[in-house]
Amino acid sequence: MQEFDTITAIASPLGTGGVGVIRISGPQSFEIINKIFSKNNLTAGKIAHGNIVDNGIILDEVIVLPFKKPHSFTGEDVIEIHCHGGLNVVKNVLDAVLKNGARMAQKGEFTKRAFLNKKLDLTQAEAIADLIHSKTADFAKHSARNLSGVLGAETASVRKDIFDVLSKIIAGTDFPEDVKEPEYEYLTSEFEKIIKRIDKILSFANSSNIMRQGIKIAVTGRPNVGKSSLFNALLNVNRAIVTDIAGTTRDVLTETLDWDIPITLIDTAGIREGQEVGKIEEIGIEFSKQSAENADLVLFLYDASAGMTEQDKMILNSIKNKPHIIIANKADITAQRDNNDAIYISALYKDGLDELKTMIKNKVYNFSTENTEFVTNHRQQDCLEKAKESMLLALEASKRCELQDLISIDLKSALLYLDELTGEVITDEILNNIFDNFCIGK
Ligand code: GDP
């Protein structure tokens with residue numbers, strides 16, 4: 001276990017709330033709390049109730065949770081002070097802790113210590129950041145699974161399979177008199193199994209990325225075809241954050257939905273009537289193009305009662321290379337159903353919206369995030385891809401019955417990539433990069 005100095009930070013969100021939590025971690029934790037707490041003789045694992053006192057002045061009535069190393073989140077001596085959740089109360093208590101010998105923690109420093117003290121592997125540390133920052137309830141659940149070590153355990157198990165084969169190869173090559181080299185047939189079948197297991201984790205990469213980053217959907221079309229109406233109808237399902245971003249020529253409205261995955265709707269309905277017709281067309285098409293460029297999916301609307309006009313066709317043409325859905329709106333005022341490429345809806349009466357939502361979901365991801373067994377991030381996917389490449393080389397070599405000494409090199413490199421994934425082997429640069437994404441107090 002490594003020794004560090006003693007750090008502290010406010011672990012709860014800044015603001016007014018029921019409880020504010022200040023965390024202290026490091027060798028001086030108990031010494032510091034003994035200086036500022038009205039009770040002494042703290043016992044690890046036993047909650048204590050008393051006052052935080054600074055220079056004879058009572059700062060707050062608190063509950064103190066003492067943890068002795070290694071039985072704490074960071075693996076060090078840890079004190080948690082639960083005080084009343086007012087911003088200034090929390091700050092006063094923090095100041096008292098700082099004055100008595102602790103240093104302000106950096107971003108993610110508590111979790112980094114937990115990792116360095118082997119309380120967590122890197123996948124679990126990353127899961128903490130995911131959990132805190134998750135934009136949807138679903139992603140939070142998946143992150144919590146990783147926090148419990150699902151990804152780390154699977155990686156370790158794949159690693160063990162590789163290690164077992166490698167051991168057999170090394171035994172055979174180092175002690176040829178005593179141990180027979182494994183059969184190539186055996187190697188080939190083992191390698192195939194291992195690659196399958198890596199592939200399985202990687203098969204959820206796409207859904208992981210979508211869950212993590214979300215999807216941008218743009219609603220586009222001529223003025224008055226019902227874009228805003230559709231936008232609002234979709235938002236009524238589950239409204240989230242509202243932002244109004246002023247564009248240069250008009251307002252672009254974006255809102256975030258949680259449909260198991262974060263979806264950002266961009267309403268391009270800023271094209272107002274009253275502008276010169278030529279201009280409207282020009283701006284409209286330019287606008288559609290712009291929003292389409294940034295969007296993962298475009299919902300193109302036209303007025304079913306007017307049929308597809310030349311203007312509609314121009315706009316549609318400008319987005320046709322993007323994933324899109326053609327929507328014939330205002331189906332309530334016309335019986336026309338002649339466009340087989342379009343879905344007929346009424347944004348006003350909310351008719352056909354369920355079918356549209358299903359179409360959107362199918363278009364953007366033809367999987368259910370529920371079934372995402374392993375959530376990974378780009379860094380982890382990169383490690384898995386590289387481990388797989390090494391295993392593919394080993395597989396090819398085994399099929400060609402190459403020297404097993406050479407095959408062992410590929411296996412060792414696969415092991416290294418898996419170790420990088422769980423953080424067994426990691427550079428400072430990668431580590432700092434990961435913990436930079438944390439907040440202070442984590
Ligand atoms: P936008 O300019 O494309 O955003 O269109 P709006 O959503 O502002 O709608 C323009 C007009 O069409 C409004 O008067 C809406 O009430 C009307 N409208 C929108 N959707 C429908 C629909 O499904 N049926 C009917 N009958 N009218 C609609």
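Just follow the structure's listing: the first ligand is 1, and inside any ligand the first atom is 1.
Taking distance alone, with nitrogen or oxygen atoms compared against 3.5 Å, A331 stays at or beyond that limit from ligand 1. At a 3.5 angstrom cut-off on N or O pairs, S229 counts as close to ligand 1.
Of the candidates L230, T220, N329, it is N329 that places a heavy atom closest to atom 20 (N) of ligand 1. Of the listed residues (D332, T334, L301, L348), the one carrying the non-hydrogen atom nearest atom 21 (C) of ligand 1 is L348. When the heavy-atom distances from atom 1 (P) of ligand 1 to N224, D303, N232 are ranked, the shortest goes to N224.
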Test side-chain contact (heavy atoms from CB on, under 4.5 Å) on F73 and V78; report intermediate values, then the result.
CA-CA 8 Å; F73 173 65; V78 167; 5.7 Å; no
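A salt bridge links D382 to K386: at least one charged side-chain nitrogen sits closer than 4.0 Å to a carboxylate oxygen. One finds a salt bridge joining E190 and K193 here, because a Lys/Arg side-chain nitrogen approaches an Asp/Glu carboxylate oxygen to under 4.0 Å.
Here is the list of ligand 1 atoms found below 4.0 Å of a heavy atom in R222: 3 (O). In summary, the atoms of ligand 1 found under 4.0 Å from a heavy atom of S346, numbered by their order in the structure, are 22 (C), 23 (O), 24 (N). The contact set between ligand 1 and V225, taken as ligand atoms under 4.0 Å from a residue heavy atom, comprises 3 (O), 5 (O).
N329 places none of its side-chain heavy atoms less than 4.5 Å from the side chain of K227.
Tested against I81 for a side-chain contact (heavy atoms from CB on, under 4.5 Å), the candidates I24, V21, L65, T8 yield a single pass: I24.
Remark: the S134 side chain and the S143 side chain contain no N/O donor-acceptor pair separated by less than 3.5 Å.
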